[in-house]
Amino acid sequence: MEQMREISRRYGLGAVTAESVRRGTVAAVWRLRDGAGEYLLRTLTGPEQGEMERRIVRHLRSRGFSATPAILETTDGSSMTEIGGTWYQLQTYRPGPRPDPAIPGMPERIAQLAAALTAALDDCPAEGLLPDRFDLAALWARGREGWEALGLPMSLQEADRAVAEAAALPAKERRVVHGDLGPWNMICTEEGELLVVDFGEAHLADPYFDLAAALGGLRNHCPGEKRDAAAAAFLSECEGLMPGLDRGRLLGQLRLWLWRGLAQCACWAGGTGPDWTAMAGALYRSLSWTIPD
């Protein structure tokens, strides 16, 4: 494939083989191999995303946080490259599955990763951040007409009120956050490390938003009988690492995270692609969850 040969030339690689890993609604991903190693090639929404992600990863490394794959540079020192109107980014490839929150000890490890990332992002410069693609008010404006197609036991009027309340939630602080810190953006490497990947949704928000996303994703990816225990283990570990953790604030950010997901499902309603009805049902059921004081 001429495209991959050009990628190889620009990054100074040897002859590469390419295997498609994912073609999502936003990015396509390939696993590349040459004689020296393995790499992950991603498409970007544009050069702004590439620069944003490089700045964030550099900041994290300056703060001692290395639990994310390195972004590689082209032979001329760029963090990305453009071919035929498409922008690409190359990273080190770290093989491994997503973490399974049902495994004993994994909720605590996810909490440790989320807390360490939150601390490392504390003073991350906001320069170059892209607009929040999942801003709740904007998402709901586009998707509210699809709400009833989700078949959930909440009227459109009730959903309007709940969305308005979640969108108006005040952020006690606004910092750079990962923006999509669920198990789907974590990797358990062959060496036993837990890594976070894909900073494409980074934006300014309450720093508890990443903790809420990690907690909500963990809970929804556990079998029903293990969800409460996994959530309790996550919370206990977070409180040990972050004395004074405000559970009420965390619950508010969890509700915001859930409603962002529901609004996206409403945007998808009636179309093809992800199983938005099953996703919406799981998110809706989680709205009833509480965090004990």
Above 12 or not: heavy atoms from other molecules or residues under 6.0 Å from CD of Glu82? yes
Does the ring of Phe134 carry Arg260 above it, NZ/CZ under 6.0 angstrom from centre and within 45° of its axis? no
Check for me whether the distance between the ring centres of Trp259 and Trp147 falls short of 6.0 Å. yes
Please determine whether side chain to side chain contact (heavy atoms under 4.5 Å, CB included) holds for the pair Met52 and Leu130, giving the CA-CA distance in whole Å, both sets of side-chain angles, and the decisive distance to 0.1 Å. CA-CA 8 Å; Met52 175 191 75; Leu130 302 180; 4.2 Å; yes
Within a strict 4.5 Å, meaning less than it, do heavy atoms of the Asp228 and Arg219 side chains meet? yes
Compare every heavy atom of Leu72 with every heavy atom of Tyr11, then report the nearest pair and how far apart it is. CE2-O, 3.7 Å
Minimum heavy-atom separation for Leu129 to His203, with atom names? CD1-C, 3.9 Å
Does Arg174 pair with Asp206 as a salt bridge, N-O distance under 4.0 Å? no
Do Leu211 and Gln253 come within less than 4.5 Å of each other through their side chains, counting heavy atoms only? no
State, to 0.1 Å, how close Cys222 and Ala230 come at their nearest heavy-atom pair, and which atoms those are. SG-CB, 3.6 Å
Around Glu239, counting heavy atoms of other residues, nucleotides and ligands shown, do more than 12 lie under 6.0 Å from its CD? yes
Measuring from atom CH2 of Trp30 to atom CD1 of Ile7, what distance do you get when rounded to the nearest 0.5 angstrom? 8.5 Å
Determine, step by step, whether Leu60 and Leu121 satisfy the side chain to side chain contact (heavy atoms under 4.5 Å, CB included) criterion, reporting the C-alpha distance in whole Å, the side-chain angles of both residues, the deciding distance to 0.1 Å, and the verdict. CA-CA 7 Å; Leu60 290 174; Leu121 287 173; 3.7 Å; yes
Do the side chains of Ile291 and Leu256 join up, straight or via other hydrophobic residues, at under 4.5 Å, putting them in one cluster? yes
Do Arg255 and Leu287 come within less than 4.5 Å of each other through their side chains, counting heavy atoms only? yes
Is a donor on one side and an acceptor on the other found under 3.5 Å between the side chain of Asp34 and the backbone of Gly37? yes
Is there side-chain contact between Val196 and Phe65, with heavy atoms separated by less than 4.5 Å? yes
Would the distance check show the side chain of Arg63 and the main-chain N or O of Leu117 forming a donor-acceptor pair, the cut-off being under 3.5 Å? no
Is a salt bridge present between Glu19 and Arg33, judged by a nitrogen-to-oxygen distance below 4.0 Å? yes
Arg175 bridged to Asp123 by N-O distance under 4.0 Å: no
Cluster check Leu181, Leu195: I/L/V/M/F/W/Y, side chain < 4.5 angstrom: no
Check whether any side-chain N or O of Thr92 sits under 3.5 Å from a backbone N or O of Ala70 as a donor-acceptor pair, and report yes or no. yes
Test item: Pro95 and Tyr93 side chains (from C-beta on) under 4.5 Å apart, heavy atoms: yes
Between atom CG of Leu241 and atom CD of Glu237, what is the distance when rounded to the nearest 0.5 Å? 5.0 Å
Under 3.5 Å, is there a donor-acceptor pair between the Gln89 and Gln91 side chains? yes
Among Met106, Arg98, Arg94, Glu193, whose side chain to side chain contact (heavy atoms under 4.5 Å, CB included) with Cys188 holds? Met106
Could you walk me through whether Thr81 and Trp87 satisfy the side chain to side chain contact (heavy atoms under 4.5 Å, CB included) test, starting with their C-alpha distance in whole Å, then the side-chain angles of each, then the deciding distance to 0.1 Å, before giving a yes or no? CA-CA 6 Å; Thr81 193; Trp87 288 88; 5.8 Å; no
Correct closest heavy-atom pair for Ala67 and Leu113 would be CB-CD1, 3.9 Å
Joint hydrophobic cluster, Val57 plus Val197, side-chain heavy atoms closer than 4.5 Å: no
Does Ser155 reach the main-chain N or O of Glu158 with its side chain, forming a donor-acceptor pair under 3.5 Å? yes
What closest approach, in Å, do Pro99 and Ile187 show between heavy atoms, and which atom pair accounts for it? CD-N, 4.3 Å
Hey, would you say the His178 and Phe209 ring centroids sit under 6.0 Å apart? no
Are there more than 12 heavy atoms of other residues, nucleotides or ligands under 6.0 Å from atom CD of Gln3? yes
Just checking, any donor-acceptor pair under 3.5 angstrom between side chains of Ser286 and Asn220? yes
Going by an N to O cut-off under 4.0 Å, is there a salt bridge joining Glu53 and Arg42? yes
Closer than 3.5 angstrom, by distance alone: can the side chain of Ser236 be matched with the main-chain N or O of Ala233 as a donor-acceptor pair? no
Are Glu2 and Arg9 close enough for a salt bridge, meaning some N to O gap below 4.0 Å? no
Flag the pair Arg54 and Glu73 as a salt bridge only when some basic side-chain nitrogen lies within less than 4.0 angstrom of an acidic carboxylate oxygen. yes
Salt bridge or not between Glu127 and Arg58? Use side-chain N to carboxylate O under 4.0 Å. no
Under a 3.5 Å threshold, yes or no: a donor from one side chain and an acceptor from the other, between Asp160 and Trp140? yes
Check step by step if side chain to side chain contact (heavy atoms under 4.5 Å, CB included) holds for Thr68 and Arg61. CA-CA 9 Å; Thr68 190; Arg61 277 168 163 62; 3.3 Å; yes
Value for OG1 (Thr290) from CZ (Arg247), rounded to nearest 0.5 Å, stands at 10.0 Å
Considering only heavy atoms from C-beta outward, does the side chain of Pro125 approach that of Arg55 to under 4.5 Å? no
Value rounded to 0.5 Å, distance of CD1 in Ile71 from CD in Glu51: 9.5 Å
Output the distance between atom CG (Leu283) and atom CG (Leu150), rounded to the nearest 0.5 Å. 10.0 Å
Taking the side chain as every heavy atom from C-beta outward, state whether Val21 and Leu41 have any pair of such atoms under 4.5 Å apart. no
Is the shortest heavy-atom distance from the side chain of Tyr284 to the side chain of Leu258 under 4.5 Å? no
Does one side chain, of Thr74 or Arg10, offer a donor that lies under 3.5 Å from an acceptor on the other? no
In the single-linkage hydrophobic clustering (I, L, V, M, F, W, Y; side-chain heavy atoms under 4.5 Å), do Leu139 and Leu204 co-cluster? no
Tightest non-hydrogen contact, residues Ala27 and Thr43, listed as CA-OG1, 3.3 Å
Let me confirm one number: the CG-OG1 distance from Leu194 to Thr189, rounded to the nearest 0.5 Å. 8.5 Å
